[in-house]
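To find a chain, count down the sequence lines: A is the first, B the second, and so on, and within it residues start at 1. Given the structure is predicted, the values throughout are model-derived calculations rather than measurements. Computed from heavy atoms alone, side chains included, the values below leave out hydrogens, waters and symmetry copies.
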Amino acid sequence: MQRTRIRNMLAEETGGPILLKGWVRTRRDAKGFSFLEINDGSCLANAQAVVDHTPELSAALEGATTGAAVAVEGELVASPAAGQKWEVRAKSILIYGCADPETFPLQKKRHSDEFLRGIAHLRPRTNKYGAMLRVRSEMALAVHEFFRARGFFYVHAPILTGSDCEGAGEMFRVSNLEAEQAARLSPELREAAEFFGRPAGLTVSGQLEAELMALALGDVYTFGPTFRAENSNTPKHAAEFWMVEPEMAFANLADDMDTAEALVKHLAGHVLTHCAEDVALFGKYVDPTLIPTLEGIVAQPFARITHAQAIAELRASGRAFEFPVHETSDLQTEHERYLCEERYKRPVIVYDYPKEIKAFYMRLNDDGKTVAAMDLLVPRIGELCGGSQREERLDVLARRMTELDLPEEPYAWYLDTRRYGSAPHAGFGMGFERLLMLVTGIANIRDVIPFPRTPGHLEF
RNA sequence: UCCCCGGUAGCUCAAUCGGCAGAGCGGGUGGCUGUUAACCACUAGGUUCGCGGUUCAAGUCCGUGCCGGGGAGCCA
């Protein structure tokens with residue numbers, strides 16, 4: 001007999017013979033029979049099995065403790081009690097794998113996120129992390145759905161790279177040499193001995209490569225792992241994370257902002273309609289403001305203000321910020337939160353930043369002082385997307401690189417795109433885990449990725 | 001990397017001014033005719049993070065190390 005997934009069982013119209021396979025969440029014993037709650041990961045809900053204390057079933061029940069993997073074969077019948085539509089009257093139970101109740105760390109109670117991080121190999125079996133993983137999968141598909149519907153092509157940027165994208169972050173070095181062996185070599189010999197014949201690293205961004213492909217395919221996006229060796233110890237930074245990076249030819253900053261806003265709206269709407277049960281769990285136990293926040297994101301246009309306007313707003317607020325507001329400085333976390341959570345109470349896109357605080361490839365505005373950059377800020381998290389119109393004018397780009405003391409040689413291929421058939425284009429990066437924090441209400445990035453990598457942590 | 005806070009039973013936490021180490025949950029045993037984080041009774045369970053110091057006496061005070069969390073910076 002084929003097993004039925006609990007998600008499908010719940011949608012059954014009629015009862016009948018059924019086989020469930022999953023993990024025991026809890027067992028409640030009464031005189032003469034027991035209730036066994038089973039979860040198979042297909043959805044948040046458990047299936048309730050009613051198990052009479054016959055000699056054979058009693059023997060099997062001994063091993064059916066919290067955490068055990070089991071198969072339950074029986075009859076799907078309407079449940080006489082409130083709480084569930086269906087239940088399974090068990091005829092036979094098979095224990096695939098026991099879970100010693102003395103040592104199995106997951107209990108029938110809520111655990112702290114901190115404790116669960118220490119058992120990241122088992123936490124997917126909890127309601128909260130199971131829900132997070134289902135939402136994560138659904139959101140990844142929704143990203144593809146969004147871009148596909150708009151004619152974007154999904155491109156794969158390399159993960160191993162020989163170029164440091166202008167220091168979007170510190171790179172992890174990649175080498176096949178033994179550390180002691182490498183240390184004995186002179187720099188020249190070492191370079192020659194390296195697998196690639198040159199220093200290599202893990203990508204900090206697929207942007208430069210995405211630009212090249214946008215200038216051929218029109219509209220493209222990358223969606224892959226990204227690595228930053230920054231010693232950041234915060235709830236919104238990880239050393240390994242996933243990033244979505246669209247890049248659009250013949251697009252300006254306004255198009256860029258439109259796309260970012262549409263993407264975030266699409267994803268917020270998608271999670272509400274396609275992950276309703278899991279979102280309800282997050283709304284109930286993780287963040288009571290979650291569902292209204294997501295509904296607001298879908299319904300209201302985002303605020304759009306220039307960096308200069310943002311500075312003016314902050315000054316007009318009369319707030320005593322810990323960090324003073326300055327025309328040529330970036331917004332501090334407290335400034336972002338004020339704008340998003342208090343002044344506008346919705347996502348805010350800040351654009352036209354002073355060129356001093358932004359990267360070399362961002363397009364210089366006609367004022368000669370600002371660049372066509374934008375950050376999409378969301379409540380609680382801060383920067384969700386960061387992007388810009390790219391500098392497509394070879395002479396301006398070269399001048400900016402000189403100003404910033406960047407050597408042209410390593411970027412020759414990048415500059416070539418401005419030499420041959422250059423075109424206006426724009427793009428942005430969206431941190432996928434930050435998006436998940438937004439749509440689940442989960443407050444720490446370490447809890448929206450299965451196995452978080454942060455400074456000092458490479459477990460599992 | 002800087003600042004702040006914390007580390008006590010398997011988990012979440014309490015322990016007054018330095019004075020006998022505690023609760024709830026979880027586990028075990030027994031009970032209960034339909035439970036829903038079941039319920040009731042009983043029970044086991046401790047290097048109070050490590051090291052050093054002060055004291056008649058340290059979970060509590062001091063020093064130091066390790067680990068964790070929050071805030072900041074860097075950013076997505």
Review point. Quick one: does A:R380's side chain have a donor or acceptor within less than 3.5 Å of a partner on A:M437's backbone?
Key: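 Present.
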
Tell me: [atom1] of [X] to [atom2] of [N], nearest whole Å?
X	N	atom1	atom2	result
A:M374	B:rA76	CE	P	11 Å
A:K128	B:rA37	NZ	P	19 Å
A:D52	B:rU35	CG	P	16 Å
A:R380	B:rA76	CZ	P	19 Å
A:L377	B:rA76	CG	C1'	12 Å
A:W86	B:rU36	CH2	C1'	19 Å
A:E383	B:rA76	CD	P	5 Å
A:E334	B:rG71	CD	P	13 Å

NA contact type, [X], heavy-atom cut-off 4.0 Å: base, sugar-phosphate, or nothing?
X	answer
A:R337	nothing
A:F33	base
A:S79	base
A:L435	nothing
A:F115	sugar-phosphate
A:S232	base
A:H53	nothing
A:Q48	base
A:P105	nothing
A:G32	nothing

**Study point:** Stacked pair A:F35-B:rG34, distance under 5.5 Å, angle under 30°
**Key:**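 Stacking is absent between B:rG34 and A:F35, given that the ring centres and planes do not meet under 5.5 Å and under 30°.
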
Does a side-chain heavy-atom distance below 4.5 Å link [X] with [Y]?
X	Y	result
A:I18	A:W86	no
A:R134	A:C275	no
A:Y353	A:D330	yes
A:I311	A:R315	yes

Exercise for review: Name the orientation class of the two ring planes belonging to A:F115 and A:H111 (parallel below 30°, tilted from 30 to 60°, perpendicular beyond 60°).
Suggested key: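 Because their plane-to-plane angle lies in the 30° to 60° range, the rings of A:F115 and A:H111 count as tilted.
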
Review point. For the residue pair A:F172 and A:F227, does the interplanar ring angle fall in the parallel (under 30°), tilted (30 to 60°) or perpendicular (over 60°) class?
Key: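 Because their plane-to-plane angle is over 60°, the rings of A:F172 and A:F227 count as perpendicular.
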
Rounded distance in Å between the [atom1] positions of [N] and [M]:
N	M	atom1	result
B:rG71	B:rU60	P	29 Å
B:rG22	B:rU48	P	14 Å
B:rU47	B:rU8	P	12 Å
B:rU64	B:rU54	C1'	15 Å
B:rG26	B:rA37	P	12 Å
B:rG6	B:rU12	C1'	14 Å
B:rA38	B:rC5	C1'	38 Å
B:rG73	B:rA57	C1'	46 Å

Looking at the base of [N], is there any donor atom on it, or on the side chain of [X], that sits under 3.5 Å from an acceptor on the other one?
X	N	result
A:R228	B:rA76	yes
A:H237	B:rC75	yes
A:E87	B:rG34	yes
A:R110	B:rC25	no
A:E102	B:rG10	no
A:E114	B:rU12	no

Return the nucleotide paired to [N]: Watson-Crick means purine N1 to pyrimidine N3 with N6-O4 or O6-N4, wobble means G-U with N1-O2 and O6-N3, both under 3.5 Å.
N	value
B:rU60	none
B:rC32	none
B:rU8	none
B:rG27	B:rU43
B:rU1	B:rA72

Distance test, side-chain N/O of [X] to OP1/OP2 of [N], below 4.0 Å:
X	N	result
A:R27	B:rU35	no
A:K236	B:rC74	no
A:T333	B:rG71	no
A:R28	B:rA38	yes

If you only use heavy atoms from C-beta on, which nucleotide in [options] is closest to the side chain of [X]?
X	options	value
A:R434	B:rG34, B:rC75, B:rU33	B:rC75
A:A81	B:rG26, B:rG68, B:rG34	B:rG34
A:Q107	B:rG71, B:rU36, B:rC11	B:rC11
A:K108	B:rG27, B:rU1, B:rG69	B:rG27

Check your understanding: Should A:T161 and A:V174 be marked as a side chain to side chain contact (heavy atoms under 4.5 Å, CB included) after you check the CA-CA gap, both sets of side-chain angles, and the distance that decides it?
Key -> CA-CA 9 Å; A:T161 180; A:V174 173; over 6 Å; no

**Study point:** Whichever of A:T234 and A:R446 has its nearest RNA chain B nucleotide further upstream toward 5'
**Key:**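 Its nucleotide being nearer the 5' end, the pick is A:R446.
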
Check your understanding: When you match A:T65 and A:N444 each to their closest nucleotide on RNA chain B, which lands nearer the 5' end?
Key ->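 The residue closer to the strand's 5' end, by nearest nucleotide, is A:T65.
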
Practice item. Assess the pair A:Y361 and A:Y411: is the distance between their ring centroids shorter than 6.0 Å? Key: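 Centroid distance A:Y361-A:Y411: not below 6.0 Å, so no.
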
**Study point:** Modelled atom types, side-chain donor and acceptor of A:T454 and A:H457, under 3.5 Å
**Key:**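 No, because no side-chain N or O of A:T454 sits under 3.5 Å from a partner of the opposite role on A:H457.
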
